[in-house]
Number of protein chains: 4
Amino acid sequence: MSSHLSAQVARRSRRRDIDPAEVIAAALELFLQRGFAATRMEDVARAAGVSKGAIYLYFPTKEALFRAVVQAGVVPRIEEAEAEVANFAGSARELLSSLMHGLLLEFWDTPSSGIHKLVIADAHHFPGLAAEYFHDISLRARDVMVAIIRRGIASGEFRDVDVEYVARVILGALDQQAVLRHSMQAHDPEPLQPERFVDVTLDLIMNGLLK
Amino acid sequence: MSSHLSAQVARRSRRRDIDPAEVIAAALELFLQRGFAATRMEDVARAAGVSKGAIYLYFPTKEALFRAVVQAGVVPRIEEAEAEVANFAGSARELLSSLMHGLLLEFWDTPSSGIHKLVIADAHHFPGLAAEYFHDISLRARDVMVAIIRRGIASGEFRDVDVEYVARVILGALDQQAVLRHSMQAHDPEPLQPERFVDVTLDLIMNGLLK
Amino acid sequence: MSSHLSAQVARRSRRRDIDPAEVIAAALELFLQRGFAATRMEDVARAAGVSKGAIYLYFPTKEALFRAVVQAGVVPRIEEAEAEVANFAGSARELLSSLMHGLLLEFWDTPSSGIHKLVIADAHHFPGLAAEYFHDISLRARDVMVAIIRRGIASGEFRDVDVEYVARVILGALDQQAVLRHSMQAHDPEPLQPERFVDVTLDLIMNGLLK
Amino acid sequence: MSSHLSAQVARRSRRRDIDPAEVIAAALELFLQRGFAATRMEDVARAAGVSKGAIYLYFPTKEALFRAVVQAGVVPRIEEAEAEVANFAGSARELLSSLMHGLLLEFWDTPSSGIHKLVIADAHHFPGLAAEYFHDISLRARDVMVAIIRRGIASGEFRDVDVEYVARVILGALDQQAVLRHSMQAHDPEPLQPERFVDVTLDLIMNGLLK
DNA sequence: CATGAATGAGTTTTCATTCAT
DNA sequence: AATGAATGAAAACTCATTCAT
């Protein structure tokens with residue numbers, strides 16, 4: 001207890017150039033693994049290789065950190081999708097296929113795919129966040145999907161369906177897999193094969209079940 | 001410890017014949033509104049019109065209460081579905097339509113529809129529960145859906161599709177709406193109309209998008 | 001849930017002739033095993049084969065039960081000792097020997113030997129009890145011991161010692177063994193042999209260590 | 001007695017360099033006064049002038065604090081005794097006298113004298129602690145006493161007595177006074193005078209009662 | 001009298017947040 | 001700026017005691 005007086009010198013090491021993005025990445029991973037409530041700020045700090053206090057230099061509260069995680073994870077994704085729709089030159093069917101393959105597959109193995117699950121699970125705690133997320137993300141995603149279907153109808157590729165609700169059906173199927181990916185996939189004796197899922201979904205949506 | 005012998009407690013009001021089902025109902029409602037972690041046992045007690053201690057007479061821990069909520073909410077639902085599939089005499093298409101209308105609509109406005117969301121959001125906390133739920137509920141639901149599709153293929157109604165994955169697509173779309181119902185529907189400028197959703201889903205699944 | 005309405009008949013069984021002494025005996029055993037604080041009234045009730053409520057018919061509080069346990073366990077013991085001293089006809093040495101053999105050995109294997117330990121361990125909780133016990137029991141025991149030594153000095157058997165403190169020494173050695181009996185004897189590789197202990201104590205006290 | 005009430009400073013500011021030893025000291029005092037179960041961690045914190053949370057920085061549980069209290073209080077004491085026996089050059093009688101005076105008197109007015117009482121009273125709660133304490137402390141103390149008596153016999157000073165049991169008698173008398181010191185001495189109309197007690201004990205043990 | 005379901009005050013422990021260094 | 005020791009509010013769970021039956 002008193003034998004290392006000389007070690008008193010050991011002073012706190014100082015880390016320069018803390019990158020908030022590292023904190024966000026660490027927080028996302030932990031929020032997904034253990035949920036928001038069960039993740040301690042200290043865990044985030046350790047995982048990010050940063051001191052507890054340093055987090056508060058960038059995020060005033062745990063809630064602010066959560067919101068940053070959500071923003072950082074989904075805004076780029078939806079922007080990518082919007083850009084692709086705006087620039088895509090091929091048929092509506094090819095566009096839908098490209099989007100689904102590109103997005104679902106691209107994010108399948110990155111933590112970003114779990115943001116949706118995160119918001120669903122923990123948005124209670126943050127009065128405004130659910131509304132904000134819904135408007136900024138969910139509705140934008142729906143708009144993208146609606147635009148694609150409309151394009152297909154306009155071009156004569158697709159039947160004249162209930163565009164709004166068809167968009168909900170397709171997005172629902174996709175989102176649900178992303179959610180399950182982070183909640184119960186570990187227990188599935190046959191974990192989802194994402195490419196196969198996208199292919200089957202496309203086939204079903206395009207051709208239907210009936211002969 | 002130190003007992004305050006001088007001050008005698010005010011007369012406690014006594015409730016007879018506490019029904020554990022009332023506690024479960026109250027707990028479900030609160031878990032859905034605020035999440036598992038954010039729901040205090042005292043809140044559940046107050047909502048059920050029962051004392052805090054009384055809850056522990058029936059559920060040894062908060063986790064046990066959670067599990068009871070889950071069991072009570074979903075087991076009857078899945079059993080109903082299995083029974084309907086076993087007894088249904090009509091075509092596969094009619095069976096699917098009946099199931100989707102019956103179950104989704106029946107439960108849409110009851111708290112039971114939120115159990116799925118609850119498990120997805122909070123299963124972290126309970127090592128065994130997610131696995132248990134997945135095996136007892138999710139896989140059973142998938143089996144039901146697979147059986148219906150198989151029946152349709154056998155009867156010549158349906159194309160010869162990838163049964164397992166088509167089941168995942170359909171269930172995903174449905175489940176996702178139930179999940180959203182309890183997480184973000186309040187923020188949707190056009191809240192889902194369940195009947196319309198089922199109709200569109202059936203139409204899409206049966207006929208596909210293509211002309 | 002509703003299938004056994006006929007079983008409503010199951011009525012509480014009624015036990016007649018509850019003997020408070022059984023409750024006291026059960027309480028003593030449990031207080032010794034687990035301490036006062038760690039013993040639940042329900043445990044006492046079950047051990048005594050009585051309902052929780054019934055205990056309160058005889059003992060208004062847990063503290064009252066504790067006091068009854070102490071009274072029941074030691075008052076007879078000290079009265080026995082006083083009577084023996086009053087009636088004993090032999091030498092002081094024989095009286096001391098008789099008392100020590102009689103009391104220590106008689107109570108060694110009964111729970112009564114643990115009352116002293118109980119009071120020492122838990123008297124905090126009960127402001128008046130320690131004082132009461134000390135006056136009613138400890139000082140009476142000391143008086144008995146003092147009387148014996150005085151008798152020996154008067155008869156010329158014993159040296160003219162500091163009577164009060166010699167009594168404390170002798171009682172201390174005895175009491176300590178009773179206390180250890182109920183706290184740590186289980187861990188002693190050589191548990192105390194009570195007869196040997198009494199014999200050695202008598203020999204030491206009578207003859208001393210020196211040659 | 002204990003007069004730390006004067007230190008009731010309402011600390012609003014931060015305290016630096018908390019010394020766990022202060023927490024241990026405060027805990028010992030309170031455990032002795034009120035028993036383990038009746039002492040709230042908050043009491044310990046207040047008595048130590050520390051926040052409740054700070055205690056958990058050094059002691060993971062209340063039990064760990066208890067064990068630290070025991071270790072800190074008795075290990076140095078027994079080591080002192082062993083060292084004195086090893087180094088003492090005089091007669092066995094002088095050694096015994098020195099030890100008894102030195103230890104009993106030295107610790108009489110420090111809280112350390114109550115550790116023994118503490119373990120006896122509350123060891124129930126901690127499965128391993130009683131055994132550990134008994135082996136590490138009680139048996140070591142017995143060995144010390146046995147060594148002294150053996151030395152006296154070897155040198156011809158003492159009679160050839162039952163060494164093991166004589167050690168138990170002597171230690172019992174001493175320990176009991178330390179125990180009483182912390183349980184009932186307040187109620188004794190003639191509180192023990194420790195020097196007188198040691199002198200009388202030595203005289204009795206050396207010379208016996210008989211003429 | 002006897003029962004045991006119901007009550008709710010009380011305690012340990014955790015962890016977001018602060019701030020002296 | 002960065003650190004991490006210190007703070008204290010909050011919540012699950014226990015159990016002495018009551019009282020409808």
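Every chain is numbered from 1 and lettered A, B, ... according to where its sequence line falls, protein lines coming before strand lines.
Proximity note for Val50(B) (side chain, C-beta onward) versus dA6(F), dG4(E), dT7(E): the nearest is dT7(E). Closest contact between the side chain of Arg40(A) and the listed nucleotides dA16(E), dT3(F), dC1(E) involves dA16(E). Of the listed nucleotides (dA12(F), dT13(E), dA6(E)), dT13(E) has the atom at the smallest distance from the side chain of Tyr56(D).
The distance from atom CD1 of Ile115(C) to atom CZ of Phe66(C), rounded to the nearest 0.5 Å, is 8.0 Å. Note: Glu42(D) CD to Lys52(D) NZ = 4.5 Å, rounded to the nearest 0.5 Å. Interatomic distance, NZ of Lys117(D) versus NE2 of His182(D), reported as 8.5 Å (0.5 Å rounding). For the atom pair CD1 (Ile120(B)) and OG (Ser183(B)), the distance works out to 9.5 Å, reported to the nearest 0.5 Å. The CD1 atom of Ile24(D) sits 14.0 Å away from the CD atom of Glu29(D) when rounded to the nearest 0.5 Å.
Put simply, CG on Leu30(B) is 13 Å from P on dA11(F), counting in whole angstrom units. Note: CG (Asp17(D)) to C1' (dT21(E)) measures 11 Å, nearest angstrom. For Arg46(C) and dT3(E), the CZ to P distance is 14 Å, given to the nearest whole Å. Between Phe126(A) atom CZ and dA16(E) atom P the separation is 11 Å, expressed in whole Å. Distance Phe59(A) CZ to dT18(E) C1': 18 Å, rounded to the nearest Å. To the nearest angstrom, P of dA2(F) lies 12 Å from CD of Glu22(A). dG8(F) atom C1' lies 15 Å from atom CG of Asp43(D), rounded to whole Å. Between the CD1 atom of Ile18(C) and the C1' atom of dT3(E) there is a distance of 9 Å, rounded to whole Å.
Identified under the salt bridge (Lys or Arg N to Asp or Glu O under 4.0 Å) test for residues 122-133 of chain D, with sequence neighbours left out: Arg67(D)-Glu132(D).
With hydrogens and angles left out, the side chain of Lys52(D) and the base of dT13(E) share a donor-acceptor pair within 3.5 Å.
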Given Watson-Crick or G-U pairs with both distances under 3.5 Å, what dot-bracket string fits DNA chain E, with | for other-strand pairs and [ ] for crossing?
.||||||||||||||||||||
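When all heavy atoms of Thr39(B) and Lys62(B) are compared, the closest pair comes out as O-NZ, 2.8 Å.
Contact check of residues 60-73 of chain B against DNA chain F (heavy atom, cut-off under 4.0 Å) returns Thr61(B), Lys62(B).
For the ring pair (Phe, Tyr, Trp, His ring centres under 6.0 Å) test, residues two or more places apart in sequence or in another chain that qualify with His125(A) are Phe36(A). Applying the side-chain contact (heavy atoms from CB on, under 4.5 Å) test to Ala64(C) and every residue at least two apart in sequence or in another chain returns Phe59(C), Pro60(C), Thr61(C). With sequence neighbours excluded, the residues forming a side-chain contact (heavy atoms from CB on, under 4.5 Å) with Ala27(D) are Phe31(D), Val44(D), Leu65(D), Val69(D), listed by chain and number.
Of the two residues near DNA chain F, Met41(B) and Ile55(D), the one whose nearest nucleotide lies more 5' is Ile55(D). Annotation: of the two residues near DNA chain E, Ala54(B) and Phe36(A), the 5′-most nearest-nucleotide partner is Ala54(B). Nearer the 5' end of DNA chain F, as judged by each residue's closest nucleotide, is the contact made by Tyr58(A), out of Tyr58(A) and Ser51(D).
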